[in-house]
Amino acid sequence: MINIIGLGYIGLPTALMLAASGNEVVGTDYNKELVQTLNKNMLTFEEPGLEELFEKANNKGITYTNEYQNTDFYIVTVPTPYDKEDKKIDPSYVIAATNKVLEVCKKGTILVIESTISPGTIDKFVRPLVKKAGLKINEDIYLVHAPERILPGQMIKELKHNSRTIGADSPEAAQKVKDVYATFCEGEIVCTDIRTAEMTKVVENTYRGINIAFANELTKIARHDNLDVHEIIKIANMHPRVNILSPGPGVGGHCIPVDPWFLVGDYPRLTNLISTALEINESMPEMVLDRITDIMKENNITDKNKIGIYGLTYKADVDDIRESPTLQLFEKMEAHFAEPFRVFDPMVKKKILSNQQMNFENFVEESELIVLMVEHSHLKENIDLLNGKYILDTHNLVDDAYKL
Ligand SMILES: NC(=O)c1ccc[n+]([C@@H]2O[C@H](COP(=O)([O-])OP(=O)(O)OC[C@H]3O[C@@H](n4cnc5c(N)ncnc54)[C@H](O)[C@@H]3O)[C@@H](O)[C@H]2O)c1
């Protein structure tokens, strides 16, 4: 039986996928409300294809509980934030979950850490716990790191088709874990050692962060000279070996703005490029605020209640708002305005902010300047309703609009 620890954005789809593919699965999360919701046959977040998968897995007998199981296969998918002071990983969730597993596991168990971890985390934090518990590695317990690459919004498709990395101490342990993932994963599964797997995952997200930062820096240069950055990128990308990403209002979510810090925290003297890229991405919400101020001045808009922010999530067509550029923008706002502007997001169904509007038509009607922060499908379908409004378009969706 496979016990998945942590049933969030990564753990739940993984657990469902494993169960739907014929594995015996128990999902464990210490959040009582979350487990109760799943046991009431209700999902805890929205994701294309998740409902069908949930139904299939439930029919196959997956169960959800707050208890850790006595078994021989665990997959840990708990959060791994970074400590904002020292920029290093906060390993406390991984440590807590590992300690619980060590209390209940069978001899010879496999412990897969799927959470993204900074290189060296298993050596520094997990192996000492095993030793302290009096267990022998590669006899009583096998440690494995199998990081996740899926993209919210396309999770189910990507779980099936992405390639994966498995880092283990021995080829035998890697093979056992590979066999389990291969029950649903059709992508290539590469086996390597734990340190390489840890580094690879963090490098992947750092690569993305740096490339986004380059596009964002170009936006600043283009703004300085009043040039159209999108036109520049479009033409540059016609070069056969150039592929510049799209700029935007900042970088959010749980991965790209977080994981590069693991490298900066652990290798401060070797990560000049990475730390500069992080700073550029973090400065983008401030640039949006500066643009809002300019546009307000230019058009004589004096009432900040006439500014409407469209989009609260960190990317299009998901309901996850963690570290989102809009939240970063609100955090930075105090220097410019006393209170945050009004905000609307069709994907965020619960009112979580006092300035949040729940009705799109009212939101549009009451706004003079609308700032497009997230390119939800809903926006593309309703773009005509914005006619007659000033628009600051951070994603190059609307022709006749202010750009970053
Ligand atoms: N969300 C993504 O797009 C994504 C993509 C790739 C990798 N990751 C990585 O996957 C990991 C999980 O991220 P997430 O987005 O699923 O986080 P999440 O916050 O959505 O889910 C984590 C879950 O773990 C539970 N939990 C925490 N500690 C626990 C414990 N000791 N015992 C039992 N349950 C516990 C929490 O209640 C929560 O439900 C992170 O390391 C993240 O970096 C996330």
Side-chain angles (χ1 to χ4, degrees), residues 3-17 26-39 43-48 50 64-69 74-83 88-105 111-119 121-122 125-126 129 145-159 162-165 197-198 200-209 251-263 313-324:
N3 190 195
I4 309 280
I5 311 298
L7 296 173
Y9 284 96
I10 292 299
L12 182 65
T14 304
L16 299 179
M17 205 69 171
V26 176
T28 298
D29 199 297
Y30 66 10
N31 179 335
K32 292 207 163 70
E33 201 186 319
L34 180 145
V35 168
Q36 275 168 11
T37 306
L38 294 172
N39 280 327
L43 278 169
T44 41
F45 64 96
E46 283 188 36
E47 174 68 28
L50 195 62
Y64 314 100
T65 171
N66 299 121
E67 305 302 324
Y68 283 61
Q69 304 299 296
Y74 298 86
I75 299 180
V76 171
T77 60
V78 296
T80 45
Y82 77 99
D83 184 319
K88 294 185 185 205
I89 189 172
D90 166 4
S92 57
Y93 296 88
V94 171
I95 290 175
T98 302
N99 274 330
K100 284 268 189 193
V101 166
L102 295 176
E103 278 172 25
V104 297
C105 65
L111 171 57
V112 180
I113 307 288
E114 213 185 270
S115 303
T116 305
I117 46 181
S118 62
T121 293
I122 290 196
F125 301 109
V126 180
L129 301 177
H145 178 46
E148 185 51 75
R149 285 180 171 146
I150 54 178
L151 182 72
Q154 301 185 37
M155 283 181 163
I156 312 302
K157 201 171 87 200
E158 293 211 351
L159 267 172
N162 281 1
S163 60
R164 308 190 68 103
T165 316
E198 289 174 326
T200 305
K201 168 68 197 177
V202 175
V203 162
E204 290 162 10
N205 281 344
T206 303
Y207 170 87
R208 301 268 307 148
V251 179
H254 206 49
C255 297
I256 297 177
V258 174
D259 301 349
W261 283 117
F262 294 166
L263 294 177
T313 64
Y314 82 88
K315 70 189 281 289
D317 297 334
V318 302
D319 60 7
D320 189 348
I321 65 166
R322 290 178 294 181
E323 320 272 338
S324 83

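Note that ligands are numbered from 1 as they come in the structure, with each ligand's atoms numbered from 1 the same way.
The closest protein non-hydrogen atom to atom 13 (O) of ligand 1 is His254 CD2, 3.8 Å. Looking only at protein heavy atoms, the nearest one to atom 20 (O) of ligand 1 is Tyr9 N, 3.0 Å. From the protein, the heavy atom lying nearest to atom 23 (C) of ligand 1 is Asp29 OD2, 3.5 Å. Atom 24 (O) of ligand 1 has Gly6 CA, 3.4 Å as its closest protein atom, hydrogens excluded (heavy atom only). For atom 21 (O) of ligand 1, the closest non-hydrogen atom of the protein is Gly8 CA, 3.2 Å. The nearest heavy-atom contact from the protein to atom 18 (P) of ligand 1 is Arg322 NH1, 3.6 Å. Protein heavy atom closest to atom 26 (N) of ligand 1, with residue, atom name and distance, is Tyr30 CE1, 3.6 Å. When hydrogens are left out, the protein atom nearest atom 2 (C) of ligand 1 is Ile10 CD1, 3.8 Å; that is the closest non-hydrogen contact.
Annotation: salt bridge (Lys or Arg N to Asp or Glu O under 4.0 Å) contacts of Glu46 (sequence neighbours excluded): Lys349. Remark: Phe45 engages Tyr9 in a ring pair (Phe, Tyr, Trp, His ring centres under 6.0 Å) (not counting sequence neighbours).
Environment of CD in Glu33: sparse, with no more than 12 heavy atoms of neighbouring residues, nucleotides or ligands closer than 6.0 Å. Heavy atoms from other residues, nucleotides or ligands lying under 6.0 Å from OH of Tyr93 number 12 at most. Counting heavy-atom neighbours within 6.0 Å of Arg208 CZ, excluding the residue itself, gives a total of 12 or less.
For the pair Thr116 and ligand 1, the shortest N or O to N or O distance falls below 3.5 Å. Ligand 1 has a nitrogen or oxygen under 3.5 angstrom from a nitrogen or oxygen of Thr80.
Residues Phe262 and Ser118 approach most closely at CB-CB, 3.5 Å, considering heavy atoms. For the residue pair Leu263 and Pro119, the shortest heavy atom distance occurs at CD2-CG, 4.1 Å. Taking each heavy atom of Gly153 and Pro48 in turn, the nearest pair found is O-CG, 3.4 Å. Nearest heavy-atom pair across Arg149 and Lys201 is CA-NZ, 4.0 Å. Here the closest heavy-atom approach between residue Ile122 and residue Glu198 is recorded as N-OE2, 3.0 Å.
No heavy atom of Glu114 sits closer than 4.0 Å to any atom of ligand 1.
Atom numbering of ligand 1 starts at 1 in the shown order; those under 4.0 Å from a heavy atom of Pro152 are 3 (O). Contact atoms of ligand 1 toward Pro79: 19 (O), 22 (C), 24 (O), 27 (C) (distance under 4.0 Å to a heavy atom of the residue). Of all atoms in ligand 1, numbered sequentially from 1 with element shown, those under 4.0 Å from a heavy atom of Ile5 are 32 (N), 33 (C). In summary, the atoms of ligand 1 found under 4.0 Å from a heavy atom of Asn31, numbered by their order in the structure, are 37 (O). Under a 4.0 Å criterion applied to the non-hydrogen atoms of Leu34, ligand 1 contributes the atoms 39 (O).
Contact annotation for Thr77 and ligand 1: only backbone heavy atoms (N, CA, C, O) come within less than 4.0 Å of the ligand. Of the heavy atoms in Ser115, both backbone and side-chain atoms come closer than 4.0 Å to ligand 1. Contacts of Pro147 with ligand 1, taken as heavy-atom pairs under 4.0 Å, are absent altogether.
Taking OH from Tyr68 and CG from Asn3, the interatomic distance works out to 8.0 Å, rounded to the nearest 0.5 Å.
In the candidate list Tyr68, Tyr82, Tyr93, Tyr68 is nearest to atom 32 (N) of ligand 1, counting heavy atoms.
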request  = Show your working on salt bridge (Lys or Arg N to Asp or Glu O under 4.0 Å) between Glu114 and Arg164 and close with a plain yes or no.
outcome  = CA-CA 11 Å; Glu114 213 185 270; Arg164 308 190 68 103; 3.7 Å; yes

